[in-house]
Amino acid sequence: MLSNGRHYLAIPGPSVMPDRVLNAMHRAAPNIYAGEMPAMMPGVVADLKAVARTAGKCAIYISNGHGAWEAALANVLSRGDRVLVLATGRFAHGWAEVAQRMGADCEILDHGKRAPANMDRLAQALAEDTEHRIKAVMAVHVDTSTSVRNDVPGMRAALDAANHPALLMVDCIASLACDDFRMDEWGVDVMVSACQKGLMTPPGLGFVFYNERAEAVHETADLATHYWDWKVRGAAEQLWQYFDGTAPTHHIYGLRAALDMIAEEGLDNVHARHATLARAVWAAFEAWGSEGPMELNIADPALRSHAVTSLRIGGDHGDRLRDWTMANAGVTLGIGLGMVAPDDRGSGGFFRLGHMGHVNAHMVLGALGAIDAGLKALDIPHGKGALEAASAVCAGR
Ligand SMILES: Cc1ncc(COP(=O)(O)O)c(C=O)c1O
């Protein structure tokens with residue numbers, strides 16, 4: 001069996017968890033009233049803000065990304081508020097569904113599954129909103145279903161050009177600590193993330209970063225409930241205040257280790273590593289796609305995420321390939337998501353490769369090698385030279 005050995009979960013989150021993170025979590029329950037655990041929180045928050053490149057505030061929730069979505073909306077919206085959603089994949093639609101359920105009036109600018117948000121369409125929607133009914137523009141930086149990367153500074157520029165007061169709210173769940181993101185410089189008012197992708201920590205922590213503009217809007221927002229309210233969390237002085245109750249102790253130890261690893265590597269180097277590995281992945285898929293059905297979902301490299309790549313391969317080839325690499329090579333590839341119907345989770349002609357967080361050249365080259373073997377084993381037509389192309393990128397050629 002060629003799959004025995006250390007398994008590689010190459011899906012776009014949860015991502016590979018470093019031994020250092022897991023070992024940091026492997027400990028007896030810490031005291032939550034005094035000592036190391038309460039003392040480490042200000043540093044954790046400061047380092048999270050450094051990764052988000054913001055001087056704003058950060059509220060931490062014991063939740064996944066869906067919880068962070070809801071937290072962000074609850075703090076700045078009132079029932080009936082209009083929001084403009086720039087949809088470029090399943091996750092923007094998902095966030096819009098949460099907003100709708102909470103009583104927001106959602107206007108969705110749908111850009112399909114293969115293109116980034118269009119700034120002219122945004123400008124037009126803002127210009128038409130002469131009464132400033134739109135309270136927030138919501139977008140996903142990297143949509144993990146389509147692997148498109150959106151132009152966040154362009155959104156701020158459109159808002160400023162229209163002199164429109166709506167908040168800019170961005171989901172960075174799949175991009176934080178993978179793709180370059182600069183909350184303050186890019187004029188983002190609210191940013192949502194979670195710990196299980198670029199932050200390399202087991203799922204369970206959601207983050208909402210927010211600036212003073214968002215804090216001011218919060219004063220009149222009526223959707224905030226006790227648990228989601230960010231006010232105390234974002235200015236906490238005691239451990240329980242960060243979490244509105246018992247701290248997720250072991251997750252915090254894991255996150256501390258992950259933030260240390262990011263600081264030691266340097267955030268710019270983390271981004272550069274993701275960028276180079278992404279180029280290696282694309283080089284391989286482009287070579288395979290030169291003959292046969294393989295196709296990168298996003299054609300223009302400048303618009304692709306550095307953390308996840310979505311592929312189209314037709315028929316049920318995606319499912320067959322995923323099954324093959326899992327059973328025969330110990331590599332689990334991601335399912336296609338949201339590519340056929342809005343919530344079709346198992347579209348067999350699609351798959352995704354995650355390359356986010358704790359990944360290096362040998363892991364990416366290994367996953368690509370497993371895909372190459374799978375294509376051969378399954379007689380799926382494909383172009384030659386994919387592994388040579390990927391290794392050349394890793395070699396700096
Ligand atoms: C971009 C994006 N937003 C939101 C989510 C939802 O996060 P969660 O599954 O942790 O609720 C995901 C999950 O993959 C995501 O990739």
Side-chain angles (χ1 to χ4, degrees), residues 8-24 40 43-56 58 141-142 144 147 149-153 170-186 188 191 193-202 205 207 209 253-284 301-309 353-368 389-397:
Y8 178 17
L9 186 69
I11 69 173
S15 63
V16 171
M17 283 142 209
D19 290 343
R20 191 163 155 194
V21 169
L22 297 175
N23 289 339
M40 71 201 274
V44 166
V45 171
D47 291 352
L48 281 170
K49 286 170 35 175
V51 173
R53 291 187 157 139
T54 183
C58 173
H141 185 206
V142 162
T144 327
S147 70
R149 180 159 46 82
N150 279 305
D151 174 12
V152 177
V170 179
D171 168 337
C172 290
I173 290 172
S175 61
L176 194 66
C178 302
D179 279 278
D180 189 21
F181 176 80
R182 298 159 187 269
M183 177 160 170
D184 292 356
E185 196 180 316
W186 293 359
V188 175
M191 187 272 271
S193 197
C195 66
Q196 75 270 19
K197 299 189 198 261
L199 294 176
M200 308 179 287
T201 302
L205 297 176
F207 310 106
F209 300 83
Y253 273 103
L255 180 64
R256 178 65 273 163
L259 291 168
D260 286 343
M261 290 174 71
I262 290 170
E264 286 162 21
E265 184 175 353
L267 188 56
D268 288 337
N269 295 332
V270 171
H271 292 152
R273 171 167 53 83
H274 281 81
T276 303
L277 294 176
R279 281 196 297 111
V281 166
W282 304 338
L303 305 177
R304 293 180 193 147
S305 150
H306 293 161
V308 52
T309 301
L353 180 65
H355 32 96
M356 51 173 58
H358 193 52
V359 283
N360 59 20
H362 95 75
M363 295 161 81
V364 164
L365 292 173
L368 296 174
S391 78
V393 173
C394 293
R397 297 281 156 76

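Here, residue 1 is the first one in the sequence, and each next residue gets the next number.
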* Asked: With Arg273, which residues qualify under salt bridge (charged side-chain N to carboxylate O under 4.0 Å, His left out), at least two apart?
  -> Glu265

* Asked: Backbone N or O of Gly56 within a donor-acceptor pair of the Lys49 side chain at under 3.5 Å?
  -> yes

* Asked: How would you list, by chain and number, every residue that makes a ring-ring contact (aromatic ring centres under 6.0 Å, His included) with Phe207, sequence neighbours excluded?
  -> none

* Asked: Which heavy-atom pair separates Cys178 from Gly357 by the least distance, and what is that distance?
  -> SG-N, 4.1 Å

* To do: Could you grab the distance from atom CE of Met191 to atom SG of Cys172, nearest 0.5 Å is fine?
  => 4.5 Å

* Structure fact -> Hits for salt bridge (charged side-chain N to carboxylate O under 4.0 Å, His left out) against Asp19, two or more places apart or cross-chain, chain-then-number order -> Arg6

* CG of Leu9 to OG of Ser15: how many Å apart, nearest 0.5 Å? -> 8.5 Å

* Asked: Which pair of heavy atoms, one from Met261 and one from Arg20, lies closest together, and at what distance?
  -> CG-NH1, 3.6 Å

* Would you mind listing every salt bridge (Lys or Arg N to Asp or Glu O under 4.0 Å) that reaches into residues 253-263, with sequence neighbours excluded? => Asp47-Arg256, Arg256-Asp260

* Applying side chain to side chain donor-acceptor pair (under 3.5 Å), name anything that partners Asn269, two or more places apart in sequence or on another chain. => none

* Taking only residues two or more places apart in sequence or in another chain, which ones pass side chain to side chain donor-acceptor pair (under 3.5 Å) with Thr54? -> Asp184

* Residue pairs passing the side chain to side chain donor-acceptor pair (under 3.5 Å) test where at least one lies in residues 354-363, sequence neighbours excluded -> Thr309-His355

* **Gap between atom CG of Leu353 and atom CD1 of Ile11 - 0.5 Å precision** => 11.0 Å

* With sequence neighbours left out, what residues match Asp180 under salt bridge (charged side-chain N to carboxylate O under 4.0 Å, His left out)? -> Arg53, Arg182

* Residues forming a ring-ring contact (aromatic ring centres under 6.0 Å, His included) with Trp282, sequence neighbours excluded -> His306

* Asked: Do you know the tightest heavy-atom contact between Val45 and Cys58?
  -> CG1-CB, 4.2 Å

* Check the pair Phe209 / Leu48 against side chain to side chain contact (heavy atoms under 4.5 Å, CB included), numbers first and verdict last. => CA-CA 9 Å; Phe209 300 83; Leu48 281 170; 4.1 Å; yes

* Structure fact -> Hits for side chain to side chain donor-acceptor pair (under 3.5 Å) against Tyr8, two or more places apart or cross-chain, chain-then-number order -> none

* List for me each residue that meets salt bridge (charged side-chain N to carboxylate O under 4.0 Å, His left out) alongside Asp179, sequence neighbours excluded, and say none if there are none. => Arg149

* Hey, what do you get for CZ (Arg279) to CZ (Arg304), rounding to the nearest 0.5 Å? -> 12.0 Å

* **Min side-chain heavy-atom separation Val170-Trp186 under 4.5 Å** => no

* Rounded distance [0.5 Å steps], CE in Met17 versus OG1 in Thr201 -> 8.0 Å

* **Least distance between heavy atoms, Leu368 atom then Ala390 atom** => CD1-CB, 3.6 Å

* Drop me the distance from Asn150's CG to Asp171's CG, to the nearest 0.5 angstrom. => 10.5 Å

* Would you mind reporting whether Leu199 and Ile262 have side-chain heavy atoms less than 4.5 Å apart? => yes

* Residue pair Ala174 / Ala307: nearest heavy atoms and the distance that separates them -> O-CB, 3.5 Å

* Ser175: partners by side chain to side chain donor-acceptor pair (under 3.5 Å), with sequence neighbours left out -> His141

* Do the side chains of Val21 and Pro202 get nearer than 4.5 Å, heavy atoms only? -> yes

* Do the side chain of Lys197 and the main chain of Leu176 share a donor and acceptor less than 3.5 angstrom apart? -> no

* Non-hydrogen atoms of Leu267 and Val51 that approach each other most closely -> CD2-O, 3.7 Å

